[in-house]
Amino acid sequence: FASVFQNHAVLQRHQPIPVWGTGKPGVTVRVRLADQEAVTKVDNAGRWLLRLQPMPEGGPHSLTATDGSTTVELNDILIGEVWLCSGQSNMAWKISQIGEPDTLNLPDLPNVRLLTVANGAELGQAFDIEGEWKVATPEALAEFSAVAGYFGRRLYETLKVPVGLICNAWGGTRVQAWMSREALMQEPEGAAEIAYLESFLWNTGSCRPPTFEEWQATAILRDNKNLGLLQGWASADFDDSGFETMKQPAYWNHNGHNYNGVFWFRKTVEIPAHWVGQELQLSLGAIDKHDETWVNGSPVGAMGPEIKNVWTLPRLYTVPAPAERKLVIAVRVRSHCYSGGFVGPASSMWIGPAGAASEERISLAGPWRYAVEQNWGILAPPPLAWGEGNANTPAILFNNRVAPLVPYGIRGVIWYQGESNVADHHLYRRYLAAMIQDWRRAWGAGPFPFLQVQLANYLAPSATPQESGWAALREAQLEVFESLPAMGLAVAIDLGEAGNIHPKKKGEVGNRLARYALHSVYHREAVPMGPLLAGITHENGRIRCHFRHTADGLISSDGAPLRHFAVAGIDRKFHWAHAEIDGNTVVVWSPEVAVPCAVRYAWAENPEGCNLANSLGLPASPFRTDRWPVELPEKS
């Protein structure tokens, strides 16, 4: 069998069941599942594929294949609902990375099965996937995608049928990596990317751009001396009263330091007397990018560039038994590109005896002393060194992670991606629509459901109405949702965090995706989502916004006046507006705009506190009624 067929797998119910594998060319292969059997021949390339008849939910069954001389048998096969769960890091983020209370009291779900695809980014097309089907024990759920896990749990608890979840996500990836070469070639910009890639892909000479590893090594060479250590910044006796303070977890880039370099962070804690003489555990959450950590001047741990995706990994270090109650924790953090600092979450920043319950630990979230050791300025991002090992190479994840799954029977896809495409938001609508249609063609099973997460609020809130690449990307997601058949949308504009691109409320994201699936696919929910703009009317210097999906009416989610509405006249200058709910409509006006011609809602990177919702508490999607070009200000 192809490697996606394993013990504990779930096969899609009520559809023809594709099964495939390899064998000796020309040999007859006989496949049996439950009480049905099918026969095919191995082709000249040594591969075979057949389709079994649709089956209802149930199991466990055995799946066998034989060529007359060799028989392979798989056991504990269930028939149920299978969903492919794909995207970038917010889909990949595990429940264990969120922190408590999410990791407490996870259920044991023997009829839910989990598969995490682990294929790398290699040239050429893969036939098999790396990964193992697992029964959804509490331990397995903790190490699985949080969004997908909560989505599948809600489906299982409602439908009472087996559920199979295939997590196929890679952090920091653009949509172009998930598209096939053929799909990219249909878009002018995509074709240009393919042409650029193939101009040097097979050339080993001087025209080859540096690899990411080569570029990273050059950037890190700037850090040629640990100046902070030489000045005693790791020492318990060092006087850090002259350092500034920064609340953690946080990126320093969002706290007035928009540059790369090396920062030191220090925090002093006093431990209980009975901890003295005990070995302790120090948990710092994830750190972006590299760290060296000391306690009372002694090194206790470090993570550097030798570790893949090190900036996503939580730091958990052992502290030798202290001899005194005062502990000074010093962390040297280096970031050579993009953001830098403590990623958190806050619940993962603590110190305590090994094995101690959460209430016995000392939280390390909050203010830390800090100083800048090295300011490197804003380093240029990595070059487009696409190819082997670079997950953002056009089409590489389609070839490595999607193609090997085709045509495994699935009900549909949930998709959480887009953060890495904010810079080219103007292309995202076309790219995402092309990818969805391409995947549907590849599976050959019609327009299967495709449910996406609209990006959460992120970055610092704005005091005035401004243009926003994040808002434009959310608009592109909304447009794809409204333009293609069998689409779904989970709005997450109220679930984000200003300083954390990986917000912790993954459970609510999964539940909102499940709500949409239960409405549109399984017909179990009456209202799929929060309010969507249906149209506007102009009334004597005011704009009335009409909505659908209002349930029993519109509400302010926090009981306060509606926020984050803005209007503009023909001068295209937006001003904050008053907004009042009137039945299933919202009336919007501003004394500064006598004749408003456009209205926007939650149009910002982080419209923190936006509060329009339906009676179920589901948030309204951000929107705008104008189609003026999104012209972003230049960043310093």
Side-chain angles (χ1 to χ4, degrees), residues 3-4 83-97 114-126 128-132 143-149 151 165-181 183-184 193 197 211-213 216 286 288-289 305 307-314 337-339 343 381-382 384-406 408 410 413-424 428 431-432 435-436 438-439 442 450 452-453 455 473 501-502 506 509:
S3 63
V4 70
W83 285 82
L84 177 60
C85 315
S86 195
Q88 56 182 110
S89 57
N90 271 311
M91 180 62 79
W93 215 250
K94 303 172 184 177
I95 293 179
S96 63
Q97 292 176 285
L114 315 171
L115 170 62
T116 299
V117 177
N119 292 40
E122 300 177 3
L123 298 178
Q125 185 164 306
D128 274 326
I129 60 101
E130 299 175 20
E132 179 183 354
E143 296 307 308
F144 190 68
S145 161
V147 168
F151 170 80
L165 303 169
I166 303 173
C167 179
N168 189 14
W170 192 314
T173 51
R174 310 176 306 147
V175 69
Q176 293 95 317
W178 296 97
M179 299 170 67
S180 71
R181 183 184 185 279
L184 281 166
E193 286 200 5
L197 169 67
T211 66
F212 175 80
E213 289 74 20
Q216 178 173 255
D288 191 351
K289 310 273 182 308
I307 302 173
K308 182 179 179 181
N309 295 334
V310 65
W311 53 90
T312 69
L313 301 179
C337 61
Y338 307 120
S339 299
V343 176
L384 293 178
W386 291 332
E388 189 92 15
N390 188 334
N392 270 317
T393 301
I396 201 164
L397 296 184
F398 180 89
N399 289 336
N400 281 267
R401 287 179 164 237
V402 180
L405 293 171
V406 178
Y408 195 85
I410 60 173
V413 173
I414 60 173
W415 176 258
Y416 196 160
Q417 190 274 337
E419 298 92 337
S420 291
N421 282 97
V422 168
D424 55 0
Y428 192 74
Y431 277 150
L432 182 61
M435 188 202 79
I436 294 167
D438 189 47
W439 284 21
F450 192 100
Q452 56 175 326
V453 180
L455 294 188
L473 196 287
I501 201 170
H502 303 118
K506 296 290 192 291
V509 174

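Everything quoted here is computed from the prediction, not taken from an experiment.
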Quick check: does any side chain N or O of Thr116 sit under 3.5 Å from a backbone N or O of Cys167, one acting as donor and the other as acceptor?
no

Minimal heavy-atom distance between Tyr416 and Val509, with the atoms involved, is CE1-CG1, 4.1 Å

When you measure from the side chain of Asp128 to the backbone N and O of Ser3, does any donor-acceptor pair fall under 3.5 Å?
yes

Below 4.5 Å, heavy atoms only, C-beta onward: do Gln452 and Leu432 meet side chain to side chain?
yes

Please report the interatomic distance OH(Tyr428) to CG(Leu455), rounded to the nearest 0.5 Å.
7.0 Å

Residue pair Tyr431 / Val175: nearest heavy atoms and the distance that separates them
CB-CG1, 3.6 Å

When you measure from the side chain of Ser145 to the backbone N and O of Ala148, does any donor-acceptor pair fall under 3.5 Å?
yes

Using the test salt bridge (charged side-chain N to carboxylate O under 4.0 Å, His left out), find all partners of Glu143 that sit at least two apart in sequence or belong to another chain.
Lys94

Between Trp170 and Trp178 the two heavy atoms that sit nearest each other are N-CZ2, 3.9 Å

Please state whether the rings of Trp439 and Phe450 are parallel, tilted or perpendicular, taking 30° and 60° as the class boundaries.
perpendicular

With a 3.5 Å distance limit and no angle check, can you tell me whether Asn119 reaches the backbone of Asn400 through a side-chain donor-acceptor pair?
yes

Test of understanding: with salt bridge (charged side-chain N to carboxylate O under 4.0 Å, His left out), list the residues that count as partners of Glu193, not counting sequence neighbours.
Arg174

Tell me whether Gln417 contacts the main-chain N or O of Thr173 through its side chain, where contact means a donor paired with an acceptor under 3.5 Å.
yes

Strictly by modelled atom types, are Asn399 and Glu122 linked by a side-chain donor-acceptor pair under 3.5 Å?
no

For His502 and Asn90 the tightest heavy-atom approach is CA-OD1, 3.3 Å

Does the Asn168 side chain pair with the main chain of Arg401, one donor and one acceptor, at a distance under 3.5 Å?
yes

Can you tell if the side chain of Ile166 reaches within under 4.5 Å of the side chain of Tyr408, non-hydrogen atoms only?
yes

Nearest atoms (heavy-atom pairs only) where Pro404 meets Ile129
CB-CG2, 3.4 Å

How many angstroms lie between atom CD1 of Ile436 and atom CE of Met179, to the nearest 0.5 angstrom?
10.0 Å

Less than 4.5 Å apart, any side-chain heavy atom of Met435 and any of Phe398?
no

Are the side chain of Glu419 and the backbone of Gly172 linked by a donor-acceptor contact shorter than 3.5 Å?
no

Please round to the nearest 0.5 Å and tell me the distance separating atom SG of Cys85 and atom CG of Leu114.
9.5 Å

Residues Thr393 and Asn390: closest non-hydrogen pair is OG1-O, 2.9 Å

Taking the side chain from Gln176 and the backbone from Pro394, do they hold a donor-acceptor pair closer than 3.5 Å?
no

side-chain contact (heavy atoms from CB on, under 4.5 Å) evaluation trace for Ile414 with Met91
CA-CA 9 Å; Ile414 60 173; Met91 180 62 79; 3.8 Å; yes

